[in-house]
Amino acid sequence: MAKKPKKASAEEGEAGTAAAPKGKKKLIIMVAVALLVVGGGAGAYMMMGRGGGNGEGKEAAEGGHGGGHGAAPDGKKQVVFLDVRELLLNLSPDMPQDKTKYAKVRLSLELKDAKVEEEVKPLMPRVEDALQVYMRELRASDLTGSVGLFRLREELLRRVNIALYPAKVEAVLFKDVIVQ
């Protein structure tokens with residue numbers, strides 16, 4: 001009586017080893033199907049993101065408009081750069097007896113995509129006004145060093161985003177800053 005359960009368990013062990021290859025085949029098939037689904041989804045995403053409905057072909061057909069497009073060929077986020085008209089400013093003197101100094105600044109706005117560019121272009125006079133009003137209060141010492149430019153960039157970004165609300169600018173980039 002006691003030997004029969006051992007045989008039964010030995011038979012189950014043989015059946016278990018025979019069932020193990022079937023389980024591995026199922027597992028391999030399931031992993032292969034999962035990889036195909038994930039790979040197909042990634043391929044579809046890449047195809048839709050690069051040539052699909054984000055207006056990339058339309059932008060290329062329009063040609064240059066003063067701003068550059070930061071299209072990334074490897075599927076990264078596509079950004080658009082919009083140039084701001086060159087600003088020539090009288091800076092406030094550091095001391096009342098100091099000579100008047102001038103600054104020539106060229107900026108570019110980094111936008112999320114071409115859709116935001118279409119929202120921002122009609123509002124550029126508002127942006128230039130906000131920049132002119134703020135920058136006329138600057139002193140030459142405000143523009144010295146990288147810390148000064150970093151602070152100025154952050155303040156300009158804040159003011160530009162207020163002027164363009166609800167559209168949003170990602171960054172304000174300096175192209176030229178000349179203080180004379």
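All values below were derived from every heavy atom in this structure, side-chain atoms included, with hydrogens, water molecules and symmetry-related copies excluded. Here the structure is a predicted model, which is why all the values come from computation and not from measurement.
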Enquirer: Quick one: pull up CG in L91 and CE in M135 and give me the separation to the nearest 0.5 Å.
Expert: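 Here the interatomic distance stands at 8.0 Å.
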Enquirer: For V80 and A114, work out which heavy atoms get closest and say how close.
Expert: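 In this case the closest contact between V80 and A114 is CG2-N, 3.5 Å.
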Enquirer: Does S92 reach the main-chain N or O of R136 with its side chain, forming a donor-acceptor pair under 3.5 Å?
Expert: yes
Enquirer: Output the distance between atom CD (E155) and atom CG (L131), rounded to the nearest 0.5 Å.
Expert: 10.5 Å
Enquirer: Side-chain heavy atoms under 4.5 angstrom apart, residues restricted to Ile, Leu, Val, Met, Phe, Trp, Tyr: same cluster for I162 and Y134?
Expert: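 No, I162 and Y134 fall in different hydrophobic clusters.
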Enquirer: Does M124 reach the side chain of L82, with side-chain heavy atoms less than 4.5 Å apart?
Expert: yes
Enquirer: Going by salt bridge (charged side-chain N to carboxylate O under 4.0 Å, His left out), name the residues that satisfy it together with E128, two or more places apart in sequence or in a different chain.
Expert: R85
Enquirer: Can you find a pair of side-chain heavy atoms, one from R126 and one from L164, that are under 4.5 Å apart?
Expert: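 Side-chain contact under 4.5 Å: no.
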Enquirer: Between atom CG of L138 and atom CZ of R151, what is the distance when rounded to the nearest 0.5 Å?
Expert: 12.5 Å
Enquirer: Side-chain heavy atoms under 4.5 angstrom apart, residues restricted to Ile, Leu, Val, Met, Phe, Trp, Tyr: same cluster for L107 and V177?
Expert: yes
Enquirer: Indicate yes or no for a side-chain donor-acceptor contact from R106 to the backbone of K175 under 3.5 Å, with no hydrogens or angles considered.
Expert: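 Not confirmed, R106 side chain does not pair with K175 backbone.
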Enquirer: Quick one: are L111 and F81 in side-chain contact, heavy atoms under 4.5 Å?
Expert: no
Enquirer: Counting only heavy atoms not in R139 (residues, nucleotides, ligands), do more than 12 fall under 6.0 Å from its CZ?
Expert: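 Open: at most 12 neighbouring heavy atoms sit under 6.0 Å from CZ of R139.
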Enquirer: Flag the pair R158 and E154 as a salt bridge only when some basic side-chain nitrogen lies within less than 4.0 angstrom of an acidic carboxylate oxygen.
Expert: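 Salt bridge absent between R158 and E154.
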Enquirer: May I ask whether I178 and V105 are part of the same hydrophobic cluster, defined by side-chain heavy atoms of I, L, V, M, F, W, Y residues being less than 4.5 angstrom apart, directly or through others?
Expert: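 No, no single cluster joins them.
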Enquirer: What distance separates L149 CG from L143 CG, expressed to the nearest 0.5 Å?
Expert: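 So the gap between those two atoms works out to 6.5 Å.
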Enquirer: Could you give the distance from CG (L157) to CG (L173), rounded to the nearest 0.5 Å?
Expert: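 Taking CG in L157 and CG in L173, the distance rounds to 9.5 Å.
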Enquirer: If only atom types and distance count, is the side chain of N161 paired as donor or acceptor with the main-chain N or O of K168 below 3.5 Å?
Expert: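 Flag not set: sc N161 to bb K168 has no pair under 3.5 Å.
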Enquirer: Should N90 and Y102 be marked as a side chain to side chain contact (heavy atoms under 4.5 Å, CB included) after you check the CA-CA gap, both sets of side-chain angles, and the distance that decides it?
Expert: CA-CA 5 Å; N90 292 338; Y102 301 95; 2.6 Å; yes
Enquirer: Who else is in the cluster with V31 when I, L, V, M, F, W and Y are joined by side-chain contacts under 4.5 Å?
Expert: L27, L35
Enquirer: Could you tell me whether a side-chain N or O of D129 sits under 3.5 Å from a main-chain N or O of Q132, the two making a donor and an acceptor?
Expert: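 No.
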Enquirer: Tell me, do L109 and V172 make a side-chain contact under 4.5 Å, heavy atoms counted?
Expert: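 Side chain of L109 against side chain of V172, heavy atoms only: contact under 4.5 Å found.
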